[in-house]
J.: 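This is the structure, below, for whatever I ask next.
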Amino acid sequence: MEQKPLIKFFESYMASESLFLDKKTLQSTYTPKGVPHRDKEIKQLAEILAPTLKLERPSNIFLYGKTGTGKTLSAKYTTQQIKQLAETKNLPIKVIYLNCKLKKIADTEYRLIAQLTREFGKEIPATGLPTDEVYKIFFSTIDKEKQLILLVLDEIDQLVKKTGDEILYNLTRINEDLKNSQVSIIGISNSLTFVSDLDPRVKSSLSEEELVFPPYNALQIKDILKARASQAFKNGVLEQGLLEKCAAYAAREHGDARRALELLRVAAEIAERENEKQVKIKHIDEADRKIEDDRVLEVVKAQPKQFQATLYAIISISEKRKGSIITGEAYDFYKNISIRLGLPPLTQRRISDIISEQDMLGIINTKVISKGRYGRTKEISLAIPSSVLPKIKKILGEGLDLA
DNA sequence: GTCAATTCACATGAAAGAGACCACGGTCTAGTG
DNA sequence: CTAGACCGTGGTCTCTTTCATGTGAATTGACGA
């Protein structure tokens with residue numbers, strides 16, 4: 001590429017005015033000052049947690065609701081307030097927020113406890129110690145001084161799914177062994193059915209109180225968008241009816257406010273790149289597509305080789321002919337590929353799991369069907385829009401070097 | 001024609017192994033005074 | 001004498017393999033009308 005045009009491009013980029021005033025407010029990491037349309041939930045939460053300020057242990061709480069319904073935000077908001085108040089009054093209250101889904105941080109029993117201990121300023125090796133040893137360290141660390149600990153465990157269902165409910169049992173029981181401190185757990189879960197699968201003992205002690213977060217409706221999402229947009233954008237940058245459209249898109253997907261915000265942000269970015277003075281409705285459509293594409297692309301890129309090879313096999317077959325693919329067929333194809341690549345082929349058992357995992361990631365769709373006399377298998381079809389297929393194939397080709 | 005038994009091609013579960021990490025304690029080695 | 005290098009042991013974690021059991025309906029075959 002010539003260099004001069006590039007400089008010109010940068011110059012014109014700098015000269016062009018940004019549509020954003022403050023982009024941060026649209027990003028998912030941003031914590032707004034209030035949580036609109038969640039007054040009722042926050043009030044309940046506050047009532048339950050209030051005893052904390054008298055240094056009495058509040059009940060354990062369980063928050064449910066789908067993604068983007070403000071669970072995390074409400075919990076963070078409420079606990080922050082408590083923390084602030086505690087600080088000004090010099091109360092020994094500690095709030096710990098942990099997202100159990102974060103890989104390598106809190107997705108196993110060992111790591112969760114280790115991370116908790118770290119929150120109290122004690123270093124714990126990433127691995128190497130027996131789990132009960134870590135428990136002991138954790139115990140002695142928090143019990144050293146008198147304090148009340150509010151433990152917020154986000155996406156707790158992921159944790160339990162991976163490691164079983166033993167941790168929760170231990171954590172809920174922990175108060176019996178502590179002399180000075182007290183721990184109270186706030187569990188947050190996306191899955192509504194989560195609690196019913198728990199061990200009854202855990203269930204009763206963990207969900208002393210429950211709070212359900214219903215999805216936002218389109219009107220509420222619009223409100224939320226409006227509030228954030230006023231901070232994020234300059235005046236008059238948004239086309240009339242844009243927020244409504246954005247809200248409608250998100251409401252269609254079970255009222256996910258996070259998605260609505262992302263949609264708005266990406267749409268604005270697209271508009272900016274196209275040198276538009278305004279974010280238009282067509283940009284929303286484009287953003288919707290882009291988000292989905294990017295998500296798939298990211299997911300695919302992050303997969304280990306064996307996953308990529310499996311996906312490659314499935315894509316190749318689906319290109320060759322119409323109709324759905326069955327496990328055996330995909331496996332045969334996969335085996336060829338992996339041999340060609342010098343990868344040790346995995347067992348069918350494993351590939352079966354890999355296919356299921358990719359189903360969960362939304363890259364492919366599978367359905368277990370029984371073809372009577374001809375057995376029982378998974379029917380596989382691609383969930384990727386055909387527009388991204390070439391890109392994906394390219395990434396897979398690179399990832400597997402050679403194709 | 002009807003109905004239960006059969007049978008296929010996997011799904012799904014459980015358990016256990018391999019290999020990468022890691023901490024800890026003991027032993028050995030080389031540098032220092 | 002001591003700090004650091006270098007084991008061996010025992011632990012976790014992830015990815016797999018092995019072994020076992022489960023399963024839904026097309027097909028089969030016996031049976032009765």
Side-chain angles (χ1 to χ4, degrees), chain A residues 98-118 120-141 155 158-171 193 197-199 299-314 317-318 323-339 341-361 363-381 383 399-400:
Chain A
L98 260 190
N99 190 331
C100 304
K101 205 181 66 180
L102 291 178
K103 287 212 165 167
K104 310 276 180 191
I105 293 186
D107 60 345
T108 70
E109 182 170 10
Y110 179 97
R111 292 214 263 251
L112 182 83
I113 303 299
Q115 185 61 33
L116 285 179
T117 316
R118 266 182 226 123
F120 289 92
K122 193 146 191 164
E123 266 317 301
I124 295 281
T127 159
L129 296 182
T131 305
D132 49 338
E133 188 70 24
V134 183
Y135 261 109
K136 261 186 230 152
I137 299 176
F138 176 59
F139 259 53
S140 60
T141 316
E155 319 231 13
Q158 302 284 329
L159 181 70
V160 171
K161 206 171 77 196
K162 272 198 70 176
T163 65
D165 46 18
E166 217 166 295
I167 313 174
L168 295 184
Y169 180 67
N170 288 336
L171 279 179
T193 55
D197 304 336
L198 284 177
D199 186 311
V299 168
V300 169
K301 223 188 285 180
Q303 303 270 312
K305 277 202 173 178
Q306 301 286 10
F307 283 59
Q308 294 190 343
T310 311
L311 184 58
Y312 192 85
I314 292 169
I317 297 175
S318 77
S324 50
I325 304 159
I326 64 167
T327 307
E329 196 182 0
Y331 180 65
D332 286 344
F333 206 104
Y334 154 80
K335 213 151 99 184
N336 282 335
I337 291 176
S338 65
I339 289 170
L341 291 172
L343 240 53
L346 302 179
T347 25
Q348 176 153 327
R349 176 70 186 83
R350 181 66 187 132
I351 297 301
S352 175
D353 277 350
I354 290 179
I355 290 173
S356 300
E357 279 173 52
Q358 300 197 332
D359 178 28
M360 285 210 296
L361 288 171
I363 307 175
I364 56 179
N365 289 320
T366 69
K367 201 170 130 201
V368 181
I369 52 159
S370 183
K371 298 199 292 181
R373 193 67 217 280
Y374 304 106
R376 207 169 124 84
T377 182
K378 270 203 196 95
E379 206 178 54
I380 307 163
S381 59
L400 300 167

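Lettering of chains follows the sequences in order, A, B, ..., and the numbering in each one begins at 1. Excluded from the calculations below are hydrogen atoms, water molecules and symmetry mates; all remaining heavy atoms, backbone and side chain alike, are included. As the structure is a computational prediction, the values presented were derived from the model and not from experiment.
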J.: I354(A) CD1 to dC15(C) C1': how many Å, rounded?
T.: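 Value for this atom pair: 9 Å.
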J.: Who are the side-chain contact (heavy atoms from CB on, under 4.5 Å) partners of N365(A), not counting sequence neighbours?
T.: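 By the side-chain contact (heavy atoms from CB on, under 4.5 Å) rule, N365(A) matches D359(A), S381(A), A383(A).
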J.: Taking Q306(A) for the side chain and P344(A) for the main chain, is one N or O donor matched with an acceptor at less than 3.5 Å?
T.: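 Yes, because the side chain of Q306(A) sits within donor-acceptor range (under 3.5 Å) of the backbone of P344(A).
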J.: side-chain contact (heavy atoms from CB on, under 4.5 Å) with K301(A): which residues, sequence neighbours excluded?
T.: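 K301(A) satisfies side-chain contact (heavy atoms from CB on, under 4.5 Å) with E298(A), I395(A) only.
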J.: Report the C-alpha separation of I354(A) and L346(A) in whole Å, then their side-chain angles, then the decisive distance to 0.1 Å, and conclude whether the side-chain contact (heavy atoms from CB on, under 4.5 Å) test is met.
T.: CA-CA 10 Å; I354(A) 290 179; L346(A) 302 179; 4.0 Å; yes
J.: So, using side-chain contact (heavy atoms from CB on, under 4.5 Å) as the criterion, who are the partners of Q308(A) when residues are at least two apart?
T.: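 Counting only residues at least two positions away or on another chain, Q308(A) forms a side-chain contact (heavy atoms from CB on, under 4.5 Å) with Q303(A), L396(A), L400(A).
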J.: Under 4.0 angstrom, heavy atoms only, what part of the nucleic acid is P344(A) near: base, sugar-phosphate, or nothing?
T.: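 Nothing, no heavy atom under 4.0 Å.
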J.: Could you tell me which residues satisfy salt bridge (charged side-chain N to carboxylate O under 4.0 Å, His left out) with D353(A), sequence neighbours excluded, listed by chain and number?
T.: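 Listed in chain order: R349(A).
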J.: Can you name the residues that form a side-chain contact (heavy atoms from CB on, under 4.5 Å) with T117(A), not counting sequence neighbours?
T.: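 If we apply the side-chain contact (heavy atoms from CB on, under 4.5 Å) test to T117(A), skipping adjacent residues, the hits are I113(A), K122(A), I124(A), I137(A), F138(A), T141(A).
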J.: First and last nucleotide of DNA chain B in contact with chain A, 5' to 3', at under 4.0 Å to a heavy atom: what are they?
T.: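 Contacts span dT7(B) to dA23(B), reading 5' to 3'.
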J.: Has R111(A) got a side-chain N or O lying under 4.0 Å from the OP1 or OP2 atom of dT14(C)?
T.: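 For dT14(C), OP1 or OP2 has a side-chain N or O of R111(A) closer than 4.0 Å.
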J.: Just grab all the side-chain hydrogen bond (donor to acceptor under 3.5 Å, both in side chains) pairs involving residues 367-378 of chain A, residues at least two apart or on different chains.
T.: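 The answer is T327(A)-T377(A), S356(A)-K378(A).
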J.: Tell me every residue that passes side-chain hydrogen bond (donor to acceptor under 3.5 Å, both in side chains) with Y135(A), counting only those two or more places apart in sequence or in another chain.
T.: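 Scan of Y135(A) (side-chain hydrogen bond (donor to acceptor under 3.5 Å, both in side chains), adjacent residues dropped) gives E109(A), N170(A).
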J.: Within residues 326-334 of chain A, find the residues that approach DNA chain B with a heavy atom at under 4.0 Å, and present them sorted by residue number.
T.: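 Here the set is I326(A), T327(A), G328(A).
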J.: For nucleotides 20-28 of chain C, give me one character per nucleotide, 5' to 3': B if any protein heavy atom sits under 4.0 Å from the base, S if the only such contacts are to the sugar-phosphate, - if neither.
T.: --BBBBBSS
J.: Send over the distance from Q303(A) CD to dT14(C) C1', rounded to a whole Å.
T.: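 Taking CD of Q303(A) and C1' of dT14(C), I get 15 Å after rounding.
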J.: Measure the distance from CG on D353(A) to P on dC19(C) and round it to the nearest whole Å.
T.: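 Atom CG in D353(A) sits about 17 Å away from atom P in dC19(C).
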J.: Can you name the residues that form a salt bridge (charged side-chain N to carboxylate O under 4.0 Å, His left out) with E357(A), not counting sequence neighbours?
T.: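 R350(A).
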J.: Rounded to whole Å, please give me the gap between CD1 in I351(A) and C1' in dC15(C).
T.: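 Those two atoms, CD1 and C1', are 12 Å apart.
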J.: What is the distance, to the nearest angstrom, from the CZ atom on F307(A) to the C1' atom on dC15(C)?
T.: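 F307(A) atom CZ is separated from dC15(C) atom C1' by 9 Å.
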J.: Could you tell me which residues satisfy side-chain hydrogen bond (donor to acceptor under 3.5 Å, both in side chains) with Y110(A), sequence neighbours excluded, listed by chain and number?
T.: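 Listed in chain order: nothing, the list is empty.
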